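Comments concern the structure below.
Note on naming: letters A, B, ... go to the chains in the order of the sequence lines (proteins, then strands), and numbering restarts at 1 for each one. The structure displayed is predicted, hence computed values, not measured ones.
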There are 2 protein chains.
Amino acid sequence: MKKFNIPKGTQDLNSYEINKRNFLIKIIKKKFTLFGYSPIETPSFENKSTLYGKYGEESENLMFDIFNSGTFLKQTKKYSLIKFIEKYNNKVNNNSFKNKLVNIFSNKTLRYDLTVPFIRYIYMYKNQICFPFKRYQIQPVWRAENPQKGRLREFYQCDVDIASKLYSLWEEIELIQLCDEIFKELNIPIIIYINHISILKGLLEISGIKKILWKDFIISLDKYNKIGKKLVIKEIIKKGISLKYFENINFILDRELHFSDKKNILKKKLKFSKYGYDGIKDISFIYNMIKNISLKNTKLIWDLSLARGINYYTNIIWEIVPFYKNKKNFLSIGGGGRYNKLPSLFGMKNIYSVGCSLGLDRIYYFMDKNNLFNNIIINNLQILFINFGDEESLYAYKIIKILRDNKISSYLYPNNNTKISKQFKYASKNNIPFVIIIGKKEIQKKIIKVKYILNKTEKKYKNINDFIKTFK
Amino acid sequence: MKKFNIPKGTQDLNSYEINKRNFLIKIIKKKFTLFGYSPIETPSFENKSTLYGKYGEESENLMFDIFNSGTFLKQTKKYSLIKFIEKYNNKVNNNSFKNKLVNIFSNKTLRYDLTVPFIRYIYMYKNQICFPFKRYQIQPVWRAENPQKGRLREFYQCDVDIASKLYSLWEEIELIQLCDEIFKELNIPIIIYINHISILKGLLEISGIKKILWKDFIISLDKYNKIGKKLVIKEIIKKGISLKYFENINFILDRELHFSDKKNILKKKLKFSKYGYDGIKDISFIYNMIKNISLKNTKLIWDLSLARGINYYTNIIWEIVPFYKNKKNFLSIGGGGRYNKLPSLFGMKNIYSVGCSLGLDRIYYFMDKNNLFNNIIINNLQILFINFGDEESLYAYKIIKILRDNKISSYLYPNNNTKISKQFKYASKNNIPFVIIIGKKEIQKKIIKVKYILNKTEKKYKNINDFIKTFK
């Protein structure tokens with residue numbers, strides 16, 4: 001017999017896990033709503049033309065493509081792979097053909113994130129939408145990453161975004177405050193590391209490194225405050241990048257420097273950068289306003305090595321990590337930023353967009369590990385009826401109906417050939433607190449016999465309404 | 001500029017639609033719980049070996065396969081399609097190779113229903129599960145069908161199933177009662193058409209038709225009470241099946257015959273069928289018990305032409321159609337049945353299983369068309385603050401914080417370059433009932449000016465707590 005399993009990087013959830021997840025989702029939704037965001041949902045897959053060309057090549061390599069139709073490779077009568085190979089075999093070394101190849105097989109791709117579908121949604125409904133458009137979306141996304149703890153191939157994102165016709169930094173401020181509120185309610189103190197793509201570009205400029213190496217260099221820089229300076233240097237050397245570029249900007253990468261010191265140093269250093277100045281202005285504005293409003297549960301730290309999606313984000317970026325029991329943590333549980341360029345890839349030049357994404361599975365994993373889910377009810381079932389046979393079952397069913405009409409969850413043990421003792425065992429294994437016993441004797445006497453599983457006491461009632469009264 | 005759209009058979013949902021859907025899901029979940037079912041969730045895709053060979057060939061042609069990995073067709077360095085074609089081109093006319101072909105490209109498939117994943121779940125966790133295992137699952141499934149009204153390629157199913165170690169017809173009775181309860185609460189009277197696979201097989205036997213034609217014949221039979229006798233005859237002729245087979249069983253297909261008449265006729269006719277007798281016994285038991293319990297909102301009708309998944313179901317089957325305003329409807333909104341064979345395909349020989357699936361999108365579509373969603377709140381946002389500039393915004397933000405702490409949804413209009421009149425328009429377009437106006441003057445006077453959008457009245461409050469008191 002072959003063995004059955006689930007695909008790597010995916011997970012099954014049992015009732016207990018779903019209850020905990022729902023607890024989490026409920027809080028997140030409540031806060032999203034409190035801040036004025038409304039839900040939308042989009043399909044699990046999008047046309048390839050919607051997703052490709054938006055995230056950069058590395059991300060495209062992680063996308064899950066779907067075969068063009070269910071029958072495409074299965075029916076020999078139709079345009080099949082076989083015929084395809086016969087027809088095109090002489091062209092396989094032609095490069096433009098290679099690019100076409102994938103599209104002939106597949107024109108749909110599983111959602112990679114919720115942001116591009118959000119902008120596609122705005123593109124399609126822009127005439128109905130009232131801007132600024134504030135939406136939230138809680139749905140799964142799929143990435144062909146190498147699975148590890150806290151990293152899945154199917155995982156849920158909880159996104160809030162604002163699309164506006166004008167650029168306002170108050171949107172960033174609100175999103176940061178929203179993150180603060182959510183993690184406050186979840187009892188997880190957090191650090192939000194913040195940076196600005198323009199400042200990052202300014203630093204790259206003053207490092208002297210060629211533009212073609214920016215991406216490689218920045219991937220290493222981003223690890224500065226995570227894996228430490230030594231390992232970053234090692235990585236840079238391994239990549240064959242000259243260390244002098246790193247040394248040119250090393251002076252400012254440490255997170256521990258005070259905000260105003262960083263600002264003053266950078267103001268001088270980025271004087272001649274065509275990028276830097278606006279970035280410093282933006283980040284100072286946000287920092288000052290938030291200082292005035294004051295966050296409940298969050299440390300806001302300017303991390304000049306933070307580099308999220310430089311292809312994608314255009315201004316402020318941030319990353320959220322737990323700061324639980326004053327322990328630093330490197331597992332990012334969310335992040336956000338402004339991506340003003342993306343709408344223009346959909347032909348919309350007057351739309352500004354900023355948003356934040358929380359990793360539901362990461363937060364769940366963190367809370368579970370730290371026992372932060374308290375008192376979650378695992379089973380709502382309250383009463384089990386012992387099954388003595390068809391005649392008694394029919395009698396029981398009439399009582400069950402009354403209980404359910406009174407919103408009391410209850411059911412008959414379905415198999416009437418099971419020993420009574422086994423039925424009782426089933427109740428205790430499933431945490432069902434009450435068992436009702438109505439055999440021939442009880443029917444004759446017109447009584448309701450109830451056993452309370454936890455303390456093994458038994459009580460008789462004249463009728464079901466008497467029991468319901470006591471029960472409630 | 002190219003146009004962006006969503007794949008055919010998929011849908012976007014806006015806030016209003018999501019609110020209506022959530023209303024529906026909430027009721028379904030509540031009833032599932034009341035009847036003692038607990039939730040599980042499974043991954044969106046399963047290994048092909050899990051899904052294939054379970055549903056029959058027609059269904060397999062509708063499955064969406066996923067490319068083996070994100071990089072499979074994208075990286076030329078890896079084992080690519082090009083190399084594959086070069087290597088195997090001489091084998092394309094080999095039949096066993098054709099079968100292998102698909103697997104080389106793809107080993108994962110999007111979930112086609114929730115039943116096979118349920119049995120796979122039991123297979124994997126059978127040692128932790130306590131039987132009878134009662135689970136519900138509300139998740140999307142994907143089928144490459146030709147989209148039409150009420151038929152999508154991505155749609156949600158709401159499934160309840162019981163897996164037991166013994167066979168009990170009380171499980172079917174409970175499931176039928178559960179359907180009755182749900183549609184009662186949704187205010188949709190329904191008809192449940194019921195039949196039994198064994199009786200269907202008995203009828204096929206006495207029709208005299210060869211086993212090889214059963215499937216084709218049954219697909220047409222199933223339409224007898226939907227498109228009518230004439231069209232069924234036409235279809236049978238078109239398929240090249242002799243009409244005599246149909247005429248041999250035509251006498252019993254009409255739904256309108258009384259239950260006991262059908263039973264008496266069939267008892268005689270199926271006397272020599274190796275299948276029929278047990279089926280009649282089962283269906284009579286269910287019919288009698290349900291008559292005794294009595295349903296609230298449902299007509300139970302024995303439809304001898306009803307034929308759902310003869311490859312899949314093994315005993316009782318049923319189908320749910322709305323019977324709204326006494327109008328017959330042919331749009332099935334759910335169905336169920338017993339599938340005792342499926343667990344054995346996973347190597348489990350002592351598991352009996354029965355379940356019911358409700359089509360969330362079909363029910364939604366029906367309710368929406370008939371205006372059955374009443375008083376669904378579209379927007380929870382209650383207060384908008386006018387944005388006069390950064391200084392006033394900071395002041396406003398402190399008040400917003402107090403409001404949110406009091407669970408009142410509110411936010412600042414994010415752009416401070418927008419005309420005040422436009423900000424007011426935004427509030428009314430978004431159904432936001434209150435607008436708070438705090439400009440320089442109001443800050444100086446320390447007052448809160450509130451405009452009630454609906455009746456255009458204005459009121460001043462001494463402080464925010466005064467307003468909150470009145471508001472609540």
Side-chain angles (χ1 to χ4, degrees), chain A residues 1 4 6-7 10 12-15 18 33-36 38-45 47 50 61-67 69-71 73-74 82 85 89 92 102 108 120-121 123 130 132 144 154 164 166 168 170-171 292-293 347 380-381 393-394 397 404 409 411 414-415 417 429-430, chain B residues 1 4 6-7 10 12-15 18 33-36 38-45 47 50 61-67 69-71 73-74 82 85 89 92 102 108 120-121 123 130 132 144 154 164 166 168 170-171 292-293 347 380-381 393-394 397 404 409 411 414-415 417 429-430:
Chain A
M1 189 69 203
F4 297 93
I6 49 174
T10 66
D12 287 317
L13 299 175
N14 65 29
S15 302
I18 290 174
T33 304
L34 195 62
F35 277 64
S38 301
I40 71 162
E41 285 181 18
T42 63
S44 296
F45 43 72
N47 290 329
T50 299
N61 284 336
L62 300 180
M63 287 181 185
F64 280 116
D65 295 330
I66 297 171
F67 276 98
S69 101
T71 57
L73 285 183
K74 292 163 194 164
I82 311 298
I85 292 175
N89 190 40
V92 292
V102 176
K108 289 183 290 291
R120 191 269 308 145
Y121 183 94
Y123 165 87
C130 188
E154 171 176 52
S164 300
L166 290 161
S168 162
W170 283 100
E171 295 170 351
N292 260 293
I293 298 165
N380 300 306
L381 181 66
S393 293
L394 187 56
Y397 243 87
R404 286 176 180 163
S409 175
Y411 77 91
N415 306 125
N417 292 319
K429 264 194 187 168
N430 277 291
Chain B
M1 189 70 202
F4 297 93
I6 50 174
T10 65
D12 287 317
L13 299 175
N14 64 30
S15 302
I18 289 174
T33 305
L34 195 62
F35 277 64
S38 301
I40 70 162
E41 284 181 20
T42 63
S44 296
F45 43 73
N47 290 328
T50 299
N61 284 336
L62 300 180
M63 287 180 185
F64 281 116
D65 294 330
I66 297 171
F67 276 97
S69 102
T71 57
L73 285 182
K74 291 165 195 162
I82 312 296
I85 293 175
N89 191 41
V92 292
V102 175
K108 289 183 289 294
R120 190 268 310 145
Y121 183 94
Y123 165 86
C130 187
E154 171 176 51
S164 300
L166 289 161
S168 162
W170 284 101
E171 294 170 349
N292 260 293
I293 299 166
N380 299 307
L381 179 66
S393 293
L394 187 57
Y397 242 87
R404 286 176 181 162
S409 174
Y411 76 92
N415 306 123
N417 292 319
K429 263 193 188 168
N430 276 293

Open item on the list: Looking at every heavy atom in both P7(B) and K108(A), which two are closest together, and how far apart are they?
Closed with: CB-CD, 3.9 Å

Open item on the list: Between R120(B) and chain A, with a heavy-atom cut-off of 4.5 Å, which part of the residue counts as in contact: side chain, backbone, both or neither?
Closed with: side chain

Open item on the list: Shorter than 4.5 Å, heavy atoms on both sides: which option in D12(A), T42(A), T10(A), I6(A) has the most such pairs with chain B?
Closed with: D12(A)

- [ ] Sort out for me which of R404(B), K429(B), E171(B) touches chain A most, counting heavy-atom pairs under 4.5 Å.
- [x] R404(B)

Open item on the list: I'd like to check W170(B) versus L394(A) (side-chain heavy atoms, cut-off strictly below 4.5 Å). Are they in contact?
Closed with: yes

Open item on the list: Which atoms of I18(A) are under 4.5 Å from chain B, going by heavy atoms: the side chain, the backbone, both sets, or neither?
Closed with: side chain

Task: Which of N417(B), N14(B), L34(B), L13(B) touches chain A most, by non-hydrogen pairs under 4.5 Å - done: L34(B)

Open item on the list: Ring-plane angle category for Y123(B) and F4(A), please: parallel below 30°, perpendicular beyond 60°, tilted otherwise.
Closed with: perpendicular

Open item on the list: For chain B, which candidate among N292(A), I40(A), L166(A), I293(A) shows the most heavy-atom pairs at distances under 4.5 Å?
Closed with: L166(A)

Task: Sub-6.0 Å ring centroid separation between F67(B) and F67(A) - done: yes

Open item on the list: Quick check for you: to the nearest 0.5 Å, what is the distance between I66(B) atom CD1 and I66(A) atom CD1?
Closed with: 5.5 Å

TODO: Output the option from P132(A), P414(A), S164(A) having the highest count of non-hydrogen pairs under 4.5 Å with chain B.
DONE: P132(A)

Task: Taking every non-hydrogen atom, the tightest pair across S409(A) and G36(B) - done: OG-N, 3.8 Å

TODO: Identify the two heavy atoms, one from P39(B) and one from S15(A), that lie closest to each other, and give their separation to 0.1 Å.
DONE: O-OG, 2.9 Å

